[in-house]
*Asks:* 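This is the structure, below, for whatever I ask next.
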Amino acid sequence: MEMKIAERIDRLGTETAFAVSAEAAVRAATGAKVYPFHLGDINLPTPQNIVDAAMKAIRDGKTGYCPNGGIPALREALAADVSASHGVTYGMENVAIQPGGKPVIGKFILALMNPGDEVLYPNPGYPIYESQIEFHGGTAVPYSYREGKDNFVIDVDAIERSITPRTRLLIVNDLQNPMGAEATAEERARLAELAVRHDLYVLLDEAYFELRFEGTSASLVREPGMQERSVLLYTFSKKFAMTGWRLGAAIAPKPVADVIAKLNVNDESCSNHFVQYGALAGLQGSMDGPRAICAALKERRDVCVDLLNRIPGVRCYRPSATFYLFPNVTGLMARLGLDDYEEFRRLILTETGVSFCSRLHFGRPLKGEEERYIRFAYSGIDVDQIREGLEKLRAFVASRIG
Ligand code: PLP
């Protein structure tokens with residue numbers, strides 16, 4: 001008997017980077033060498049104080065259900081931490097703990113979007129935005145970025161042009177995956193002015209807010225009129241190298257935080273109880289661990305950018321935050337006589353073992369796109385392997401195009 005899957009599932013997208021991972025794993029299982037640049041996972045250990053606190057919590061019996069919105073001590077500590085880093089004031093009533101940052105995306109949409117509403121979202125961008133907007137019956141309206149002098153630049157004009165009376169939500173991923181782009185103070189002011197003028201609710205996906213190598217991060221939530229209309233996506237995954245622990249939070253005006261906690265009741269009941277004690281130790285303990293994670297990633301970034309820029313037909317910025325690079329490979333693909341992203345990706349994987357995602361994995365390509373981009377994540381590969389892999393890539397390109 002074939003089971004009929006519900007029609008709504010036709011509208012559900014996925015994160016195809018996991019499929020690239022699976023393909024790379026199959027290849028590695030045959031004994032072939034793979035250089036994993038495809039997934040934003042981290043091969044650095046979670047800081048020991050977090051591990052110890054979580055283990056102690058298990059031993060202390062923190063193994064039953066806990067409050068739906070999270071343990072009060074963690075909600076309080078996170079509110080204080082984000083208030084200090086963002087220059088605004090939050091209390092524990094604004095925090096709804098989640099099993100990761102990702103669930104905030106769907107819950108933000110469920111809480112604030114009605115079917116038929118239009119939602120502006122970044123494309124290329126994290127693919128779950130497009131998936132969740134359409135799954136819940138909204139219209140996904142993409143906005144893009146263009147190449148600037150030192151990094152990609154958010155196209156605020158395009159956002160403004162796309163706003164209609166049906167636009168209800170705006171999703172902003174400042175410190176952006178996959179491009180590593182970051183808004184300037186002027187762009188933040190313009191985005192805030194647009195959100196206020198058009199009465200938009202805003203998801204601020206700040207998964208990489210504290211994963212930066214130079215300068216300081218500034219949040220859109222600090223702009224006038226923004227705190228009361230914004231939901232912040234916070235995650236422990238990146239800063240504390242805790243991707244598999246699954247812990248994050250929605251930080252929002254109290255009525256929205258309450259709705260999100262109610263969605264928790266219906267979904268997972270609560271986030272993992274003892275993990276929250278680990279996260280609490282992370283927030284309140286020594287910052288040596290996160291600093292070491294950032295230092296390791298910065299070294300990888302520099303090696304990766306330098307080597308990529310030595311390959312003919314490749315042009316790559318050096319973003320100050322995130323652990324992603326989004327090199328322009330238009331010239332390289334043209335010289336190899338390739339137009340198809342998947343053909344290019346598979347050729348490089350087969351010939352060199354270098355595994356990466358392409359623009360195709362970050363939302364439906366937009367009409368008129370001519371430049372070609374791939375995404376390198378350097379969070380899951382050590383410096384010596386970055387060197388070895390990118391040297392193989394350079395040698396392969398040289399053998400093909402001289
Ligand atoms: N938002 C962005 C832009 C991301 O890149 C990620 C992870 O890659 C997430 C959210 C969610 O991460 P997590 O669910 O591990 O917190």
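Position 1 is the first residue of the sequence; numbering continues from there.
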*Asks:* Please step through salt bridge (Lys or Arg N to Asp or Glu O under 4.0 Å) for the pair E193 and R190, ending with a clear verdict.
*Replies:* CA-CA 5 Å; E193 191 278 322; R190 276 194 70 197; over 6 Å; no

*Asks:* For atom NZ of K392, decide whether the heavy atoms of other residues, nucleotides or ligands shown that lie under 6.0 angstrom number more than 12.
*Replies:* yes

*Asks:* With sequence neighbours left out, write down each residue that passes ring-ring contact (aromatic ring centres under 6.0 Å, His included) with F274, or none if nothing qualifies.
*Replies:* none

*Asks:* Just grab all the side-chain hydrogen bond (donor to acceptor under 3.5 Å, both in side chains) pairs involving residues 306-326, residues at least two apart or on different chains.
*Replies:* E147-R315, Y208-Y324, E214-S320, D302-R318, D306-R318

*Asks:* Is the closest basic N to carboxylate O distance between R346 and E342 below 4.0 Å?
*Replies:* yes

*Asks:* Could you pull out all residues at least two apart from S131 that satisfy side chain to side chain donor-acceptor pair (under 3.5 Å)?
*Replies:* none

*Asks:* Applying side chain to side chain contact (heavy atoms under 4.5 Å, CB included) between V231 and each of I105, N94, L112, report the one that passes.
*Replies:* L112

*Asks:* Would the distance check show the side chain of R372 and the main-chain N or O of T330 forming a donor-acceptor pair, the cut-off being under 3.5 Å?
*Replies:* no

*Asks:* Output the distance between atom OG (S355) and atom CD1 (I348), rounded to the nearest 0.5 Å.
*Replies:* 11.0 Å

*Asks:* Which residues satisfy the side chain to side chain contact (heavy atoms under 4.5 Å, CB included) test with E118, sequence neighbours excluded?
*Replies:* T139, V141, T164, R166, T167

*Asks:* Where the side chain of D41 meets the backbone of T243, is there a donor-acceptor pair that is under 3.5 Å apart?
*Replies:* no

*Asks:* Rounded to the nearest 0.5 Å, how far apart are OG of S269 and CG of N264?
*Replies:* 9.0 Å

*Asks:* Considering residues, nucleotides and ligands other than R197, do more than 12 of their heavy atoms fall under 6.0 Å from its CZ?
*Replies:* yes

*Asks:* Cut-off 3.5 Å, side chains only: do Q385 and K33 have a donor facing an acceptor?
*Replies:* yes

*Asks:* Can you pull out every side-chain hydrogen bond (donor to acceptor under 3.5 Å, both in side chains) where at least one residue sits in residues 172-185? Sequence neighbours excluded, please.
*Replies:* N177-R375, E182-R212, T184-E187

*Asks:* Verify, without hydrogens or angle tests, whether D155 (side chain) and R146 (backbone) share a donor-acceptor contact under 3.5 angstrom.
*Replies:* no

*Asks:* Can you sort out the partners of D267 under side chain to side chain donor-acceptor pair (under 3.5 Å), two or more places apart, ordered by chain and number?
*Replies:* none

*Asks:* Applying ring pair (Phe, Tyr, Trp, His ring centres under 6.0 Å), which residue pairs with at least one partner in residues 12-59 are found, sequence neighbours left out?
*Replies:* F37-F376

*Asks:* Is there a donor-acceptor contact under 3.5 Å from the side chain of R300 to the main chain of I386?
*Replies:* no

*Asks:* Considering residues at least two apart in sequence or located in another chain, which fulfil the side chain to side chain donor-acceptor pair (under 3.5 Å) criterion with R291?
*Replies:* D288

*Asks:* Would you please name every residue forming a side chain to side chain contact (heavy atoms under 4.5 Å, CB included) with A296, sequence neighbours left out?
*Replies:* L44

*Asks:* Look at the side chain of D117 and the backbone N and O of V119, then say whether any donor-acceptor pair between them is shorter than 3.5 Å.
*Replies:* no

*Asks:* Is there a side chain to side chain contact (heavy atoms under 4.5 Å, CB included) between L366 and N123? Walk through the geometry before answering.
*Replies:* CA-CA 8 Å; L366 310 176; N123 182 339; 3.7 Å; yes

*Asks:* Under the side chain to side chain contact (heavy atoms under 4.5 Å, CB included) rule, collect the residues that match up with R229, sequence neighbours excluded.
*Replies:* A195, V196, D199, Y201, M226

*Asks:* Would you call the rings of Y143 and Y145 parallel, tilted or perpendicular if under 30° counts as parallel and over 60° as perpendicular?
*Replies:* tilted

*Asks:* Scan for side-chain hydrogen bond (donor to acceptor under 3.5 Å, both in side chains) pairs involving residues 66-87, sequence neighbours excluded, and state none if there are none.
*Replies:* H86-E206

*Asks:* Just to verify, what does P365 make a side chain to side chain contact (heavy atoms under 4.5 Å, CB included) with, not counting sequence neighbours?
*Replies:* R359, L360, E369

*Asks:* Looking at A183, is its backbone amide N or carbonyl O close enough to the side chain of R188 to form a donor-acceptor pair, meaning the two atoms are under 3.5 Å apart?
*Replies:* yes

*Asks:* Does a sphere of radius 6.0 Å around CE in M287 hold more than 12 heavy atoms from other residues, nucleotides or ligands, not counting ones at 6.0 Å or beyond?
*Replies:* yes

*Asks:* Could you point out which residue of F362, F344, F152, F356 forms a ring pair (Phe, Tyr, Trp, His ring centres under 6.0 Å) with Y373?
*Replies:* F152

*Asks:* Can you confirm if the NZ or CZ of R301 lies within 45° of the ring axis of Y378 and under 6.0 Å from the centre of its six-membered ring?
*Replies:* no

*Asks:* Can you check side chain to side chain contact (heavy atoms under 4.5 Å, CB included) on L78 and Y90, steps first, answer last?
*Replies:* CA-CA 9 Å; L78 188 56; Y90 283 115; over 6 Å; no

